[in-house]
Student: 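The structure's right below; bear with me while I get my questions together.
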Amino acid sequence: MTTSATTTRPTRDPWLDNAKMALVTLVVVGHTWTLLPLTALHGHLYDFLYAWHIPAFVFVTGYLSRSFDWSRRRLWQLVCTVAVPYVIFECALALFRVHVGGEDLDRLFADPHWPMWYLAALFFWRLLTPVFRNLPGGVVLAVGISLLAGLYAGDTLDIARVLGLLPFFVLGLKATPERLERLRSWPAQVAAVLALVAIWVATTWTDRWASTEWLYYRSRYDELGTSDVEAMVIRGVLLAVGLAGAWAFLALVPRGGGWFARMGAWTLVVYLFHGFAVKGAAYAGYDRWAAERPELALVLTTTVGVLLALSLAWPPVATRLGHLVDPLGYAQRKVRAAVQVAAAKGEADVFAGAIEDAASRKLTYAR
């Protein structure tokens, strides 16, 4: 996720920006669907989306993290753009939920609030990048870690999700522009449509072989009511489904630039701020209203979710909210600008003094 449009370079790939913006929009839509009553259609749509869109997001995150290393500059950037926003928005969401929603909270910071888990996971994934990027068999190792994580991993800093979704991140690290280029072919796009149709059909019977909770990668196997062996098989299938859906999505994402692609520079703003709107709607009783008219609520909720994502990524809004997402970066840019202004003023004073001296000498010679 990009925190500021100031990071935009002429070489940005509009395909990835389109993918990022589409994925964060789907995140917002998926979260707004939690306000809907649990009908067969709503449950099917939700399971279909969650079977692949978070794996796709993690895959893209891994691909964009390939250049990360343990240099001082990169580590400081990780603190500024991930750790600091995590602390700020953990506090902000906690205050919002307590004083607006009247909720009781505990384990602040240690157990990330919804939807802050992704920043906690991103922090650890980035730190693991130099380990997995060039590691032979890294994908196999990541899959093994994911399968075993369900046995032991807990919810502290959502480590269960960090390890459970690790294969998608490592696959992103291993991807190259040349490999992703294969997704541009028309056979790949036909296969992508077929894959998404297959996932849609498969998620019709999700609750018969894996409940929705499996799609979050956050619970231990003993909490899901299956044996360890069966649980590993289910998770293995979900990893394969998630990967197929992620690649299918990327194959169908438009390659061209435009206003939607430019919004892809502000995905972190959308991600961090949309939770207040979703929680606020819940506190206002929107879910009760939706329960009385489920069909209308589905259309309205989905539309509002899309518009909310687009509004938060709209540059006039995003540029202002971006200062809150990356306050240290904003302060650094302000200091740098002030130093440049001061240096320019000093150079101007020197230049003006030189002109005055030259003028004085010329006047002296004229006399």
Side-chain angles (χ1 to χ4, degrees), residues 1 15-31 33-34 41-64 115 117-118 121 125 139 142-143 146-147 150 161 163-175 179-218 232-255 264 267 271 302 305-306 309:
M1 299 183 194
W15 178 46
L16 291 174
D17 279 330
N18 281 326
K20 289 166 56 185
M21 188 60 204
L23 286 169
V24 81
T25 300
L26 291 174
V27 168
V28 176
V29 169
H31 287 164
W33 281 352
T34 61
L41 175 59
H42 298 167
H44 189 186
L45 285 169
Y46 190 86
D47 288 349
F48 168 73
L49 182 62
Y50 273 79
W52 60 266
H53 91 289
I54 291 300
F57 214 150
V58 177
F59 179 88
V60 172
T61 299
Y63 181 75
L64 296 175
W117 73 268
Y118 202 87
W125 288 332
V139 174
V143 171
S146 177
L147 296 177
R161 277 173 162 166
L163 301 179
L165 292 163
L166 181 62
F168 302 114
F169 184 81
V170 175
L171 281 164
L173 291 178
K174 299 289 187 179
R179 291 172 180 171
L180 293 184
E181 184 67 24
R182 298 172 187 171
L183 296 176
R184 296 175 181 261
S185 65
W186 71 263
Q189 294 177 340
V190 172
V193 173
L194 295 177
L196 291 176
V197 170
I199 294 173
W200 172 260
V201 173
T203 51
T204 304
W205 303 286
T206 303
D207 289 338
R208 299 184 185 179
W209 59 278
S211 64
T212 302
E213 182 63 28
W214 283 90
L215 304 177
Y216 300 140
Y217 294 84
R218 66 183 179 186
M232 289 186 183
V233 172
I234 292 173
R235 173 159 290 188
V237 171
L238 290 176
L239 289 173
V241 169
L243 180 59
W247 282 351
F249 166 80
L250 290 172
L252 298 175
V253 169
R255 265 63 176 180
T267 51
Y271 190 87
T302 303
V306 172

Student: Holding to ring pair (Phe, Tyr, Trp, His ring centres under 6.0 Å), I want the full list of residues that pass it with Tyr63, two or more places apart in sequence or in another chain.
Tutor: none
Student: Examine distances only and state if a side-chain atom of Ser146 and a backbone atom of Ala142 form a donor-acceptor pair shorter than 3.5 Å.
Tutor: no
Student: Minimum heavy-atom separation for Gly30 and Leu49, please, with both atom names.
Tutor: CA-CD2, 3.9 Å
Student: With rounding to the nearest 0.5 angstrom, report the CG to CG distance, Leu239 to Leu171.
Tutor: 9.5 Å
Student: Applying salt bridge (Lys or Arg N to Asp or Glu O under 4.0 Å), can you list everything that pairs with Arg182, at least two apart in sequence or on another chain?
Tutor: none
Student: Using the test salt bridge (Lys or Arg N to Asp or Glu O under 4.0 Å), find all partners of Arg218 that sit at least two apart in sequence or belong to another chain.
Tutor: Glu213
Student: Could you tell me the separation between the CG atom of Leu243 and the CG atom of Leu238, rounded to the nearest 0.5 Å?
Tutor: 12.5 Å
Student: Quick one: closest heavy-atom pair of Gly242 and Phe168, and the distance?
Tutor: C-CE2, 3.8 Å
Student: Which distance, rounded to the nearest 0.5 Å, do you find between the OH of Tyr118 and the CD1 of Ile54?
Tutor: 7.0 Å
Student: Under the 3.5 angstrom rule, does the side chain of Asn18 hit a backbone N or O of Pro254 as a donor-acceptor pair?
Tutor: yes
Student: Would you say the ring centers of Phe59 and Trp52 fall short of 6.0 Å from each other?
Tutor: no
Student: How close do Val29 and Val306 get, counting heavy atoms only, and between which atoms?
Tutor: CG2-CG2, 3.8 Å
Student: Can we call the ring centroids of Trp33 and Tyr46 under 6.0 Å apart?
Tutor: no
Student: As an exercise, state the distance from CG of Leu26 to CE of Met21, rounded to the nearest 0.5 Å.
Tutor: 10.0 Å
Student: Are Val60 and Leu250 side-chain neighbours, meaning at least one heavy-atom pair lies under 4.5 Å?
Tutor: yes
Student: Mind checking what makes ring pair (Phe, Tyr, Trp, His ring centres under 6.0 Å) contact with Tyr217, not counting sequence neighbours?
Tutor: none
Student: Nearest 0.5 Å, please: how far is CG in Leu183 from CZ in Arg255?
Tutor: 6.5 Å
Student: State which residues pass side-chain contact (heavy atoms from CB on, under 4.5 Å) with Leu41; sequence neighbours excluded, sorted by chain then number.
Tutor: Thr39, Leu45, Leu298
Student: How close do Ala251 and Ala192 get, counting heavy atoms only, and between which atoms?
Tutor: CB-CB, 3.8 Å
Student: Do you know which two heavy atoms are closest between Gly62 and Leu173, and how far apart they sit?
Tutor: O-CD2, 3.2 Å
Student: Rounded to the nearest 0.5 Å, what separation is found between the CG atom of Leu147 and the CG atom of Leu163?
Tutor: 11.5 Å
Student: Compare all side-chain heavy atoms of Thr212 with those of Tyr50 and state whether any distance is below 4.5 angstrom.
Tutor: no
Student: Tell me, with the steps shown, if Val24 and Phe57 meet side-chain contact (heavy atoms from CB on, under 4.5 Å).
Tutor: CA-CA 8 Å; Val24 81; Phe57 214 150; 4.1 Å; yes
Student: Can any side-chain N or O of Arg235 pair as donor or acceptor with the backbone N or O of Val233 at less than 3.5 Å?
Tutor: no
Student: Checking Trp200 now: which residues fulfil ring pair (Phe, Tyr, Trp, His ring centres under 6.0 Å) with it, not counting sequence neighbours?
Tutor: His44, Phe48
Student: Please report the C-alpha distance between Asp17 and Lys20 in whole Å, then the side-chain angles of each, then the deciding distance to 0.1 Å, and finally whether the side-chain contact (heavy atoms from CB on, under 4.5 Å) criterion is met.
Tutor: CA-CA 5 Å; Asp17 279 330; Lys20 289 166 56 185; 3.9 Å; yes
Student: Considering non-hydrogen atoms only, spot the tightest contact between Leu252 and Leu196 and give its length.
Tutor: CD1-CD1, 3.8 Å
